[in-house]
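Below: the structure, in structure tokens.
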Amino acid sequence: MQIEVAIYRSRRKPGMYLYVPKGQNLEELPEHIPVVFGPPEHAMDLVLHEQRKLAREDVLEVMRNLQARGYHLQMPPQAEDYIQHLPDELLYRNDPI
């Protein structure tokens, strides 16, 4: 099975993406999506299939959500992921911060 999708990035929340079937009117989405997502910016179009690899999402889950809901919302990475990347000298300083 293949699904042609349009992918939009959120201008409000970096790292948040919205997948919809290509050609779908965004005004047909549930009311809460524009509130959370903000103004969409078209990022790209893709053809999804079972073997396609996506950077941060499971393609099968995306395809299931597109079939069941008519959209898939990719959330931004968790903020706590950034803490792991602090330099050691900032983590182990003896002087007060």
(message) Can a donor-acceptor pair be found, under 3.5 Å and without considering hydrogens, that links the side chain of Arg12 to the backbone of Val35?
(response) yes
(request) Walk me through it: do Arg69 and Arg64 pass the test side-chain contact (heavy atoms from CB on, under 4.5 Å)? (result) CA-CA 8 Å; Arg69 300 180 192 155; Arg64 280 192 298 270; over 6 Å; no
(request) To the nearest 0.5 angstrom, please state how far the NZ atom of Lys13 sits from the CD atom of Gln74. (result) 14.0 Å
(request) Could you grab the distance from atom NZ of Lys22 to atom CG of Leu48, nearest 0.5 Å is fine? (result) 12.0 Å
(message) Please report the interatomic distance CD(Glu27) to CD1(Ile33), rounded to the nearest 0.5 Å.
(response) 14.5 Å
(message) Can you tell me how far apart CG (Leu46) and CD (Gln2) are? Round to the nearest 0.5 Å.
(response) 11.5 Å
(message) I want to check something: taking the side chain as every heavy atom from C-beta on, are Ile7 and Leu18 in contact at a cut-off of under 4.5 Å?
(response) no
(message) Could you report the tightest heavy-atom contact between His42 and Met44, atom names first, then the distance?
(response) NE2-O, 3.5 Å
(message) So does Phe37 get a backbone contact from the side chain of Ser10, meaning a donor-acceptor N/O pair under 3.5 Å?
(response) yes
(message) Counting C-beta onward and ignoring hydrogens, is there a side-chain heavy-atom pair between Val59 and Lys53 closer than 4.5 Å?
(response) no
(message) Do Leu66 and Pro21 have side chains that approach each other closer than 4.5 Å (heavy atoms only, starting at C-beta)?
(response) yes
(request) Mind listing the closest non-hydrogen atom pair of Pro40 and Leu26 along with its distance? (result) CG-CD1, 3.7 Å
(request) Answer yes or no: is there a side-chain heavy-atom contact under 4.5 Å between His72 and Glu57? (result) yes
(message) How long is the straight-line distance from CE of Met75 back to CZ of Arg56, given to the nearest 0.5 Å?
(response) 10.0 Å
(request) Please tell me if the side chains of Tyr17 and Pro76 come closer than 4.5 Å, counting only heavy atoms from C-beta onward. (result) no
(message) Please check this pair: side chain of Arg52 against backbone of Val47, looking for a donor-acceptor N/O pair closer than 3.5 Å.
(response) yes
(request) Determine whether Ile3 and Met1 make a side-chain contact, defined as any pair of heavy atoms from C-beta on separated by less than 4.5 Å. (result) yes
(request) Identify the residue among Asn65, Leu73, Leu54 that makes a side-chain contact (heavy atoms from CB on, under 4.5 Å) with Tyr19. (result) Leu54
(message) Is there a continuous path of hydrophobic side-chain contacts, each under 4.5 Å between heavy atoms, that joins Met16 to Tyr71?
(response) yes
